[in-house]
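Note on naming: letters A, B, ... go to the chains in the order of the sequence lines (proteins, then strands), and numbering restarts at 1 for each one.
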Number of protein chains: 2
Amino acid sequence: MARSSLRERADLVDRFRHYLQDHRLPRTRQRDRIAEIVFASEAHPSAADIQRTLAEGDDHVGTATVYRTLELLIASGLVRAHDFGDGFKRYEATPMQQGGDHGHLICVRCGTVVEFTNDRLERMLPIISDEHAFVHQRHHVEIYGLCSACRKHDLEL
Amino acid sequence: MARSSLRERADLVDRFRHYLQDHRLPRTRQRDRIAEIVFASEAHPSAADIQRTLAEGDDHVGTATVYRTLELLIASGLVRAHDFGDGFKRYEATPMQQGGDHGHLICVRCGTVVEFTNDRLERMLPIISDEHAFVHQRHHVEIYGLCSACRKHDLEL
DNA sequence: GTTCATGCAAATCCTTTGCAGTTCA
DNA sequence: TGAACTGCAAAGGATTTGCATGAAC
């Protein structure tokens with residue numbers, strides 16, 4: 001989805017640096033790397049995935065640091081966490097642009113996660129919040145079902 | 001929400017008993033009690049909540065049994081699990097009636113969870129699934145924001 | 001030089017599993 | 001009676017915390 005260009009990613013990493021600066025927090029190699037990985041990923045990496053990706057680049061970062069940095073990224077509003085029921089959290093860049101927000105289609109058989117956007121849906125949820133006297137901040141929409149590959153597989157049985 | 005009548009609850013417990021019977025699984029005191037609690041609860045109890053409720057009724061049930069029974073309830077389709085980001089799961093009776101499915105409004109400040117129903121939304125999600133070649137099975141819609149009480153509190157600061 | 005971050009290991013929290021004893025059909 | 005359950009305690013997996021050391025500003 002929201003195929004992020006190199007430029008967009010660099011912009012996000014930059015925003016994170018500004019966030020750190022604004023909060024008088026040091027910029028470190030680890031923070032930069034973790035932000036880069038999350039912003040560059042098309043998948044929805046878990047903390048362990050991020051650590052593994054770092055390790056593959058010969059960059060060892062402690063588990064605690066990964067979690068602490070993800071906390072910062074979330075606090076900055078640049079990243080959000082999801083739970084697709086795997087028993088651990090997955091992270092992704094917060095969709096920013098107009099109509100950039102998206103939901104997730106999760107295959108209950110193979111676990112594939114596909115993103116989708118739907119403007120009508122996105123416009124609807126703040127209105128629903130309003131109707132219930134809630135101040136809308138953000139939302140998660142997850143649809144569980146079978147992806148086309150797994151459906152085919154099913155039909156063959 | 002979906003204010004369940006005594007009758008409806010009894011019916012659900014009954015369906016669970018039938019599920020057990022159909023699968024040649026024994027009906028036990030623990031299974032009955034846990035089902036009753038989940039079906040009777042208006043809140044979205046966690047495993048620990050359920051165990052606590054049992055304990056308050058002078059009925060001790062082991063943690064493993066609570067989890068194992070919840071697994072059965074989910075397998076039966078009568079109960080579903082949610083993760084509102086508290087670090088543990090919450091359970092609720094699966095909405096069954098027409099238009100009975102609902103989303104959740106979660107207050108990010110006080111944690112209150114309010115349910116809402118919206119037919120248009122419910123009709124929309126299977127269509128979206130279709131458009132992406134997914135076979136829709138179920139969905140979760142969660143809106144995070146501020147409830148009216150917490151918003152008031154905020155305005156006073 | 002402070003202040004804050006890092007990494008490790010220990011701790012914590014939720015959930016699952018193994019096993020001896022017990023209940024259900 | 002046999003199959004399945006229950007409870008306890010131990011194990012597991014993800015995430016958090018404490019603390020000594022090290023990097024950032």
Side-chain angles (χ1 to χ4, degrees), chain A residues 13 16-38 44-55 57-76 79-91 111, chain B residues 13 16-38 44-55 57-76 79-91 111:
Chain A
V13 175
F16 183 46
R17 292 199 190 126
H18 277 80
Y19 174 85
L20 294 174
Q21 215 162 29
D22 292 352
H23 292 255
R24 311 272 161 69
L25 298 171
R27 168 182 170 188
T28 65
R29 173 182 58 82
Q30 291 90 332
R31 287 176 178 177
D32 268 4
R33 295 280 174 290
I34 292 169
E36 284 164 12
I37 289 174
V38 177
H44 298 77
S46 64
D49 290 336
I50 293 166
Q51 196 172 27
R52 194 172 316 112
T53 303
L54 284 163
D58 268 327
D59 199 345
H60 177 89
V61 174
T63 310
T65 300
V66 174
Y67 281 104
R68 285 189 280 232
T69 301
L70 284 167
E71 219 170 274
L72 281 175
L73 283 162
I74 290 170
S76 76
V79 165
R80 63 181 184 182
H82 283 281
D83 187 313
F84 296 144
D86 319 278
F88 51 83
K89 292 201 182 98
R90 294 168 171 283
Y91 303 84
Chain B
V13 175
F16 184 46
R17 291 198 190 127
H18 276 81
Y19 174 85
L20 295 175
Q21 217 163 28
D22 292 352
H23 292 255
R24 310 273 162 68
L25 298 171
R27 168 182 170 188
T28 65
R29 172 182 58 82
Q30 291 90 332
R31 288 176 177 177
D32 268 3
R33 295 279 175 290
I34 291 168
E36 284 164 12
I37 289 174
V38 177
H44 298 75
S46 64
D49 290 336
I50 294 166
Q51 195 172 28
R52 195 173 314 113
T53 303
L54 284 163
D58 268 326
D59 198 344
H60 177 90
V61 174
T63 309
T65 300
V66 174
Y67 281 104
R68 286 190 280 231
T69 302
L70 284 167
E71 218 170 274
L72 282 176
L73 283 162
I74 290 171
S76 77
V79 164
R80 63 180 185 182
H82 283 280
D83 188 311
F84 297 144
D86 319 278
F88 51 84
K89 292 201 181 97
R90 296 168 171 283
Y91 303 84

Practice problem: Would you name the heavy atoms of A/Phe88 and A/Ser46 that are closest together and state the gap between them? | Solution: CD1-CB, 3.6 Å

Quiz item: Atom CZ of A/Phe88 to atom C1' of C/dC13: distance rounded to whole Å?
Solution: 18 Å

Quiz item: Is any NZ, NE, NH1 or NH2 atom of the basic residue among A/Asp49 and A/Arg52 found under 4.0 Å from an Asp or Glu carboxylate oxygen of the other?
Solution: yes

Exercise. Pull out every residue in residues 17-32 of chain B that has a heavy atom closer than 4.0 Å to any atom of DNA chain D, ordered by number, or say none.
Key: B/Leu25, B/Pro26, B/Thr28, B/Gln30, B/Arg31

Under 3.5 Å, which donor-acceptor pairs link side chains of residues 18-25 of chain B to any protein atom two or more places apart or in another chain?
unit_1, atom_1, unit_2, atom_2, d
B/His18, ND1, B/Asp14, O, 3.0

Self-check item: Gap between atom CD1 of A/Ile50 and atom OG1 of A/Thr63 - 0.5 Å precision
Solution: 11.5 Å

Quiz prompt | Spacing of B/Gln51 atom CD and B/Ile37 atom CD1 [to the nearest 0.5 Å] | solution = 10.0 Å

Quiz item: Using rotation axes that map the C1' atoms of four end pairs onto the next four (five pairs an end), what angle separates the end axes of the helix from C/dG1-D/dC25 to C/dA25-D/dT1, to 10°?
Solution: 40°

Exercise. Figure out the NZ/P separation between A/Lys89 and C/dC13, and round it to whole Å.
Key: 15 Å

Quiz item: Rounded to the Å, how far apart are A/Phe16 CZ and C/dA5 C1'?
Solution: 12 Å

Practice problem: Before giving the answer on side chain to side chain contact (heavy atoms under 4.5 Å, CB included), spell out for A/Leu54 and A/Arg33 the whole-Å C-alpha distance, their side-chain angles and the decisive distance to 0.1 Å. | Solution: CA-CA 8 Å; A/Leu54 284 163; A/Arg33 295 280 174 290; 3.6 Å; yes

Quiz prompt | Atom-to-atom span, CG of B/Asp83 to P of C/dC13 - whole angstrom | solution = 17 Å

Show every donor-acceptor pair shorter than 3.5 Å between a side-chain atom in residues 64-76 of chain B and any protein atom, with sequence neighbours excluded, or say none if there are none.
unit_1, atom_1, unit_2, atom_2, d
B/Thr69, OG1, B/Thr65, O, 2.8
B/Ser76, OG, B/Leu73, O, 2.6
B/Ser76, OG, B/Leu78, N, 3.2

Quiz item: Taking all atoms of both residues into account, what is the closest heavy-atom pair of B/Arg17 and B/Glu36, and its distance?
Solution: NH2-OE2, 4.5 Å

Quiz item: Between atom CZ in A/Arg33 and atom C1' in C/dT6, what is the gap in whole Å?
Solution: 15 Å

Under 3.5 Å between N/O atoms: give me all the protein pairs with nucleotides 8-10 of chain C, atom names plus distance.
unit_1, atom_1, unit_2, atom_2, d
C/dC8, OP2, A/His60, NE2, 3.0

Self-check item: For atom CG of B/Asp49 and atom P of C/dC14, their distance in whole Å
Solution: 10 Å

Quiz item: Considering all heavy atoms of both residues, which atom of B/Ala47 and which atom of B/Tyr91 are nearest to each other, and what is their separation?
Solution: N-CE1, 4.0 Å

Exercise. Quick one: pull up CD in B/Gln30 and NE2 in B/His60 and give me the separation to the nearest 0.5 Å.
Key: 9.5 Å

Quiz prompt | Main-chain N/O of B/Pro26 paired with B/Arg31 side-chain donor or acceptor, under 3.5 Å | solution = yes

Practice problem: Extract, from 5' to 3' on DNA chain D, the first and final nucleotides lying under 4.0 angstrom from some heavy atom of chain A. | Solution: D/dA14 to D/dC25

